Every structure is written in structure tokens, then in C-alpha cells.
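Please read all numbers here as calculations on a predicted model, not as lab measurements. Every chain is numbered from 1, with letters handed out A, B, ... down the list of sequences.
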Amino acid sequence: MDAITKDLTVAQAEAVQHIDGPLLIIAGPGSGKTRVVTHRIAHMLQSGIRPWQIAALTFTNKAADEMRSRVDLLAPNQPVWMGTFHRFCAQQLRRYAPMVGLAENYSIYDSSDSKSAMKRAIAAAGVSTSHTSPEQITSAISNAKNRLITPEIMAQQTGRAGDTVAAKVYPVYQQQLLTANAVDFDDLLFHFARLLRENPEVRSNLDEKLKYIMVDEYQDTNLAQYAIVRALSVDHPNLAVTGDPDQSVYGWRGADLNNILDFEKDYPSVKTVRLEQNYRSTPEILRVADQLIRHNRRRKQKKLFTDNPTGEAVTLRQYESGYKEADGIADEIDNQMIAGNAEPRDFAIMCRMNALTRSIEHALRNRGIPYQIVNGLEFYQRKEIKDLLAYLHLINNPRHDVALHRVINTPTRGIGAKTLERIQRFADDHRIPMLEATRRVDEIDSLSKRAKTLVTSFVRLYDRLAVKATATLEDMLRFLIEEIKFVAYLERTTPEQQDNNPIANVDEFISAAVEFDQMHPEDGSLEAFLEQVALVSDTDAFEDSNNRVTLMTMHAAKGLEFPRVFIIAVEDNLLPHRRSKEDETQLEEERRLLFVGVTRAEQWLQISYAKLRSFRGENQPAIPSMFLGELPRDEMQVVEVKGSRNFFDDAYDDEYPDSWDLVQEPAAVTDTGPAGQTEVADGPRIIPMTDQSAIPDVYHDDVPPPKKKKPKVSIQAELKTASDLLQSGATPLGAYREGSTVRHDEYGEGTIIALTGKGPKRTAKIQFEETEETFRLAFAKIELVER
DNA sequence: GTAGCCTGTTTTTTT
DNA sequence: AACAGGCTAC
């Protein structure tokens with residue numbers, strides 16, 4: 001036992017000490033997987049393996065950064081390659097670009113670049129999109145690439161009608177990418193996998209160089225990634241993969257669970273280590289996770305257990321509406337912080353889709369609770385930033401057609417759609433990039449004299465900019481902004497809204513460039529900068545150094561952990577998502593997604609759903625998710641809004657009716673009982689939670705529901721908003737004055753020494769005997785002591 | 001050719 | 001609600 005293995009469990013040490021030969025680590029949530037991986041790298045280095053012989057592949061930059069910093073603690077400054085699959089491929093492709101038909105300075109299209117390229121490819125291919133959509137075509141082509149299917153093969157395959165159209169667009173799109181010297185995200189994997197397959201000497205060289213390959217989240221690999229990893233582990237099959245089939249949530253991106261399930265078949269000599277003990281969560285949380293995931297059929301049974309001390313019961317809470325949910329959660333966070341044992345960074349709020357963070361965001365902002373959204377509006381997706389990036393892209397790669405399209409008339413310089421169309425035609429006819437076509441503008445007869453002049457002056461501008469290609473990013477950017485009068489352009493085109501400030505964003509962008517310059521002082525770093533920007537996601541922007549509440553999707557939350565977690569909007573059509581309900585496989589993936597969410601929590605967890613949810617602008621009745629019926633409700637704290645039905649009563653038999661109209665009029669149910677109730681065909685027997693002995697509370701949907709009563713809420717169900725408290729609170733806030741004496745259950749008597757803020761934000765600084773504390777009056781558990 | 005208005009649509013998840 | 005694409009008035 002040495003320093004590196006001494007704090008490990010037997011199973012963990014077993015994995016860490018395995019160096020040569022294939023290794024499969026099946027690691028449940030919170031089982032110390034990252035610890036094992038990082039310790040293993042340190043152990044390998046200690047055993048004399050050279051750092052450059054090791055490559056560790058992850059799916060996100062954040063995971064790679066985390067790994068890097070933890071390895072650094074054990075073995076500082078070792079040049080072990082750690083990074084994402086996409087970055088790995090991008091770097092390798094730089095070296096071998098010509099072998100796949102690219103130049104070394106190729107560009108990486110982000111999704112919006114691909115989208116516009118795809119639109120043009122669809123137009124150029126001349127296919128009818130009446131029975132399909134650009135999205136479907138994009139997705140079909142993406143799937144093909146993930147499965148290593150070339151345009152030629154796809155054309156031979158007989159598939160669905162939509163795929164036939166996609167098969168026609170695919171070669172055109174691919175040709176356009178090559179002309180533009182560009183790749184999309186899928187191409188990074190696709191090109192590299194083909195490169196390895198078609199060039200045995202390249203493959204064996206890399207296999208020889210990278211003797212030890214590690215793959216994190218192996219359950220999320222698709223066929224292209226699988227092919228890459230396998231190709232690099234032929235002569236030196238020292239492939240170590242970690243993963244958890246129960247956490248596979250990227251099937252929609254082509255991830256193939258068989259890669260991990262069949263790993264033992266691929267490598268019969270594999271050593272398999274199972275890490276099942278959970279060190280993260282309370283038994284209560286783990287139990288919820290376990291009960292839930294048991295409902296998946298296609299799964300290897302696995303026991304999840306922990307020795308962690310007992311904690312609080314997991315809460316399952318119903319809200320009247322999405323807004324109430326947001327308010328309730330914000331209040332709960334406030335309360336838990338005031339109670340003194342939590343701070344903003346302890347909380348995460350997770351949801352199925354980004355759009356759901358909006359109301360939460362609002363509620364948190366109202367209360368002045370600091371928060372960060374992982375994957376909100378992506379910085380590099382903002383218009384003004386994309387504009388500048390497009391110029392940089394075009395400077396780096398003059399063949400970047402998408403960039404040229406964006407840039408040629410931004411700021412507006414009189415080159416309109418017609419002109420552009422004619423240039424495009426010329427470019428297509430001659431199979432040359434757009435910029436090349438603009439240089440030969442004199443040959444384009446259809447253009448007016450005026451148009452030719454304008455285009456020529458754009459070309460001159462471009463040439464002035466291109467001179468700066470080797471300058472520092474900062475110089476280049478400042479020169480560019482000045483040259484195109486970008487600030488003036490933004491000023492005259494930005495409406496009077498305060499919300500987004502494009503000029504500030506431009507400044508922030510310059511700062512990012514300056515920072516990059518400092519980190520890459522040597523060569524012209526433009527290409528590296530653009531690659532970096534293309535391959536970072538905002539998931540990576542998550543900073544745990546900030547003391548903020550984190551809002552994120554469950555996808556983005558994978559690999560993270562938080563002391564206190566809220567999972568919101570666990571409702572039918574949201575989770576499971578509408579589009580995932582058709583087949584069992586997708587449904588199980590949705591269940592795994594919730595499983596991932598649940599297992600992020602360390603000490604405290606609330607799962608919630610609402611009766612009403614606003615979606616695309618309007619309020620719609622929401623139906624609780626079927627997954628909620630799969631949780632161990634009798635071990636949880638279940639809080640429902642009074643007057644609502646109890647979905648999880650014994651009568652609830654796993655299958656919910658197709659038309660669950662019942663819930664759509666929640667106000668219909670009163671606590672007076674059976675008024676207006678009739679039977680609903682096929683509906684489950686519904687019993688209000690407040691009175692389980694009542695006559696089944698069902699009614700016919702064409703009987704007008706009883707007039708809405710002010711919904712009464714059981715005491716524990718009541719989630720007071722600040723204004724509720726202000727209106728109904730025992731002590732009016734105005735009664736608190738500086739100098740007032742108050743009593744607090746925990747701190748005893750104290751004196752108010754300062755008062756600030758208004759309404760719900762009214763805050764008092766109170767000097768107690770022992771300490772000085774600051775409370776929001778609306779929430780604080782204090783009472784005024786009359787003197 | 002451009003700006004601004006209007007209308008119809010909406011992949012959820014991410015490298 | 002947010003946005004892209006189309007249309008109209010300048």
C-alpha cells in the first residue's frame with residue numbers, strides 16, 4: 001500500500017492497480033469513480049508509464065478539467081492527454097487533415113452553422129421538403145455519421161421516406177463542407193474513425209503511441225467513438241472504460257448501450273470491477289433512485305447501497321402551477337439559508353429542458369438569490385458575438401462559406417439577398433468558395449455595376465483584415481471592430497431595451513481574447529481560439545467557485561453532485577418527454593434521466609410537479625409523470641395541494657388513461673365532497689388526499705365543474721410566497737423598528753440594529769447575545785417582544 | 001435594398 | 001414566449 005492506494009476501498013484499489021489489459025469499471029452513482037480514475041492515472045505514472053502514453057477521453061470539457069485538476073493533486077504537471085472525444089479527434093485531424101480531404105486550417109461548424117449549411121444543401125439538392133423538415137434531415141444525416149455510414153452507403157439503403165430525402169441531401173451537404181474546408185461536430189468523429197480504418201499505418205502508429213486509453217462515461221459512446229477507441233486498442237489493448245448503464249442518457253445522440261453491455265465480449269480477458277457502494281447520498285435518496293430504476297426492464301440488476309447516515313425524507317411536492325413552484329422553491333431556498341446551514345452553492349434546480357428555468361430564474365431574481373444558469377443563452381451564440389466570430393473564421397479559413405454569408409452584409413453595406421444569390425450561383429457553378437467568387441465578381445454578368453462595386457469594396461475590407469491573421473487576438477479584434485465600425489452599428493441597431501447589452505458583450509469577448517492571448521503567447525493562436533470556442537459548451541461554464549444556486553438540465557447535471565437538489569416539472573410529456581413515449585427504449589432513457597437527477601443529491605431532495613404549467617405562452621393543465629407512481633411514496637414526504645386528487649392511491653394501477661381529462665380542471669374538486677361527481681369511464685378511482693375515506697371523487701368531463709373555490713391548502717402543502725406572508729403574517733413588518741427587541745428560537749433575544757429593504761426583502765440585522773445575524777423579516781422565525 | 005412589422009412554427013437533451 | 005421567415009412601405 002502506498003500513498004496513492006491507501007484511502008481506497010478494496011474494489012477501488014483493485015481498479016486502480018490494474019494497469020495492463022482491458023478494464024471495465026461499472027460504477028454506480030456516487031461510487032467514487034472519478035477518484036478511481038484519477039488515482040489510477042497517478043498510479044500508472046508512478047509505475048513508470050510515460051505521461052504521453054496515456055489518453056483519457058471524456059464527454060465534456062468540465063469532466064476533463066475536473067480530472068485534470070484532481071490528477072494534478074496526485075501527480076502535478078504531467079502531460080497526460082485529457083479532454084473530450086471531440087477535441088481529441090479535432091487535434092488528430094489537424095495533423096492528418098489532407099488524408100480526409102481537408103486542409104489543416106479547417107473550421108468546425110457549430111450547430112447553427114451546420115443548420116444554415118444544411119439549408120443551402122437542401123436547396124442545392126433540389127429535394128422537396130414537403131414530407132420532411134430540415135431538422136429531420138439534419139438528424140438523419142447526423143445519425144448516419146454517428147453510425148459511420150457514408151453518403152454512398154446511405155444512398156443504397158432503403159429506409160423510411162424521410163431518410164430517402166436525407167440520403168439525397170447528404171452527399172451535397174458533405175461536398176459543401178469539404179469545399180468550405182469545414183466539418184460539423186459529427187464529422188470530427190466520423191472523419192477520424194474513417195481515417196483510422198483506411199490508413200493502417202496511422203492507426204498502428206497511434207495505437208503504439210497511446211498505449212493506455214481511458215474512456216469516461218463509456219455508456220454514452222456511439223459507434224464512431226467505439227470504432228475509434230477500439231482501433232487504438234488493437235496492439236495494446238490497455239483500454240480502461242468506466243460507466244454505468246443506468247446513467248445512459250444520450251441515446252438520441254447515437255449512444256449505444258451495447259458498447260458497454262458487450263464490453264466483456266469484445267475483450268474476453270477483461271477485468272471487471274464493480275463499484276456499488278454509494279458515498280454521496282443519504283439512504284433515503286438512494287432508495288428513491290433504486291426504486292425508480294428498478295422499473296427499467298433492459299438493465300443489469302445492480303444493488304445500490306450506502307453506509308451514509310440517515311437523512312431527511314425525500315419530498316414529493318405538488319404545486320398549483322409552475323409559477324407557484326418557482327416561488328415555492330425560491331422561498332424554500334431562502335428558508336433553508338436563513339435556517340443557517342446552507343448557502344446558495346449548495347442548491348441545484350434541475351429540469352428536463354432549458355425553457356423551464358425561466359420562471360425559476362424570475363423567482364430567484366425577485367428575492368435577490370444569486371444563481372447561475374448552465375446552458376442558458378450561450379454567450380458565443382449571441383448575435384453580435386457570432387458576427388465577430390464569423391469574421392475571425394473567415395480570416396482563418398477563407399473558404400468558410402457560412403461565415404461569409406454572415407459577414408458580407410454585416411454591418412449592412414448594400415449587398416442584399418439578390419446579389420448574394422447571384423454570387424452563390426456563380427460559386428456553385430464553378431465549385432469554388434464564396435469568397436473566391438466575390439473576388440471574381442467581374443465575371444458575374446448578372447450583377448449590376450453598383451453591386452460589383454460594393455462587393456469589391458467588401459473584398460478590399462477583407463484583405464485589410466486578413467493581414468492581421470497572425471497578430472494577437474486582441475489586436476485583430478480591436479482592428480476589426482474599428483474597421484467595420486461595429487460599435488456604431490450596434491448602437492444604431494439595438495432597440496432601447498436594457499436587457500441585453502451587445503456592446504458589453506463585445507467587451508467581454510475582447511477580454512476572453514486577451515485572456516487567450518496570455519495563455520497562448522507563442523504562435524498565431526487564431527485557429528486554436530476558434531477551435532476552443534467551437535468545442536466548449538456552456539455546460540463547461542458551470543463554476544462551482546461561484547456561490548450561486550445552479551439551474552440546469554439533468555443532462556448537464558450528469559457527473560455533478562449537490563447537497564440539496566430540486567427536480568422540477570416531473571410531468572407527463574415533459575419527463576418522459578412527449579417524443580420519448582412511443583417506444584420502450586426511449587421511455588427507459590427518460591427514466592434513467594430522472595435517475596441521474598435523483599442521484600445528484602447528497603442530503604436533501606425534492607421532486608415536484610404542478611397542476612398547471614405554462615408552455616409556449618399559455619397555461620396548460622399538467623399531468624403528473626408516470627415515474628412519480630414508481631417512487632416509494634410511503635417512505636417519502638408527500639405534499640399535495642389540497643383539493644387535488646391523489647394519483648398514487650392504491651387504485652392507481654400503473655396505466656393511466658389516455659385522456660386524463662380529470663386533472664385538467666383541478667379547481668373542480670372541492671373539499672365539500674361529491675357534488676357533481678359522476679363516473680368516468682376507465683378512469684382510476686381518485687381520492688382526495690385530505691380525506692381518503694371520501695367517496696371516490698370523480699366526475700364526468702362534460703358536467704361543468706363546480707365553481708372554483710379559493711383552493712385551500714393543507715398546512716404542510718402551503719408554500720407561502722413572500723406576499724402571502726406579508727399579508728397574513730402575525731406581525732406586520734412595519735412593527736419592526738430599529739431598537740425593537742425580538743426573540744428567535746435558536747438565538748434567543750436580540751435587538752434590531754439595522755433595517756434595510758422593502759416588502760419581502762425587508763431585512764433586519766439583529767444583535768443577539770452571542771452573535772449578530774441578518775434575517776429577511778418575512779421569513780425569519782422571530783417574534784417581536786413587547787416592552 | 002433595408003427596416004420593421006406580421007405571421008406561423010416550435011428538436012428537449014449536447015459535442 | 002421566442003424566433004425565423006415573409007411581406008410591405010419606404
Side-chain angles (χ1 to χ4, degrees), chain A residues 57-64 83-90 108-112 114-116 119 133-140 142-143 145-146 183-190 217 220-222 224-225 248-255 322 350-359 362 374-375 377-378 380-381 383 409-421 448 450-451 454 492-493 495 499 531-540 552-558 569 573-581 586 589-590 592-594 596-597 614-619:
Chain A
L57 303 174
T58 64
F59 276 80
T60 64
N61 293 294
K62 184 174 56 52
T84 63
F85 260 104
H86 286 82
R87 189 180 295 280
F88 178 73
C89 295
I108 301 169
Y109 279 4
D110 69 18
S111 340
S112 68
S114 319
K115 194 175 156 196
S116 47
K119 279 182 187 162
S133 65
E135 286 75 24
Q136 279 181 309
I137 295 173
T138 304
S139 131
S142 172
N143 283 335
K145 288 182 179 178
N146 287 331
V183 300
D184 63 20
F185 285 136
D186 300 317
D187 279 340
L188 288 170
L189 306 173
F190 178 69
E217 309 278 11
D220 288 331
T221 50
N222 59 32
Q225 288 158 329
S248 161
V249 291
Y250 285 101
W252 51 275
R253 213 168 73 183
M350 299 175 188
C351 53
R352 180 64 236 267
M353 48 189 189
N354 285 307
L356 290 167
T357 58
R358 203 169 288 279
S359 55
H362 190 77
V374 177
N375 268 29
L377 286 177
E378 297 176 32
Y380 290 112
Q381 297 295 339
K383 187 189 171 305
N409 202 32
T410 310
T412 50
R413 45 178 79 91
I415 303 174
K418 266 279 175 300
T419 305
L420 208 49
E421 196 181 295
S448 67
R450 179 184 133 85
L454 291 168
R492 73 171 181 272
T493 54
D499 225 25
E531 179 175 307
Q532 157 116 341
V533 169
L535 296 179
V536 296
S537 72
D538 279 6
T539 309
D540 311 318
M552 60 188 357
T553 64
M554 283 177 265
H555 281 95
K558 196 143 79 82
N573 289 332
L574 248 29
L575 181 65
H577 191 267
R578 180 184 300 118
R579 304 172 64 103
S580 304
K581 296 201 301 185
Q586 291 185 54
E589 179 156 315
E590 297 284 304
R592 289 194 294 268
L593 190 57
L594 182 56
V596 166
S614 80
F615 187 59
R616 286 183 189 155
E618 57 189 343
N619 270 338

Worksheet item: Quick one: does A:Arg579 reach the base of B:dT12 with a side-chain donor-acceptor pair under 3.5 Å?
Response: no
Discussion item. Could you check whether the side chain of A:Ser580 and the base of B:dT12 have a donor-acceptor pair of N or O atoms closer than 3.5 Å, going by distance alone?
Written reply: yes
Item to complete: Starting from the 5' end of DNA chain B, give me the residue, A:Leu189 or A:His577, whose nearest nucleotide shows up first.
Response: A:His577
Response to the item:
By nearest-nucleotide position on DNA chain B, the 5'-leaning member of A:Ser448 and A:Met353 is A:Ser448
Worksheet entry | Which nucleotide in B:dT15, C:dA4, B:dT10 has an atom nearest any side-chain atom of A:Ser111 | B:dT15
With a non-hydrogen cut-off below 4.0 angstrom, is [X] in contact with a base, only sugar-phosphate, or nothing?
{"X": "A:Lys115", "result": "nothing"}
{"X": "A:Ile415", "result": "sugar-phosphate"}
{"X": "A:Phe615", "result": "nothing"}
{"X": "A:Phe59", "result": "sugar-phosphate"}
{"X": "A:Asn409", "result": "sugar-phosphate"}

Worksheet item: When you look at A:Arg352 and A:Leu593, which way does the side-chain contact (heavy atoms from CB on, under 4.5 Å) test go after all the steps?
Response: CA-CA 9 Å; A:Arg352 180 64 236 267; A:Leu593 190 57; 3.3 Å; yes
Fill in: pi-stack flag for A:Trp252 and B:dT13, centroid dist under 5.5 Å, interplanar under 30°
yes
Discussion item. Angle between ring planes, A:Tyr250 versus A:Phe59, binned at 30° and 60°: parallel, tilted or perpendicular?
Written reply: parallel
Practice prompt. Let me know the distance between CD of A:Gln136 and P of B:dT9, rounded to the nearest Å.
Written response: 15 Å
Worksheet item: A:Leu535 has an atom CG; how far is it from atom C1' of B:dT14, in whole Å?
Response: 12 Å
OP1 or OP2 of [N] versus the side-chain N and O atoms of [X]: is any pair under 4.0 Å?
{"X": "A:Arg616", "N": "B:dT12", "answer": "yes"}
{"X": "A:Thr419", "N": "B:dG1", "answer": "yes"}
{"X": "A:Asn146", "N": "B:dT15", "answer": "no"}

Worksheet item: Do any N or O atoms from the side chain of A:Glu589 and from the backbone of A:Gly251 form a donor-acceptor pair under 3.5 angstrom?
Response: yes
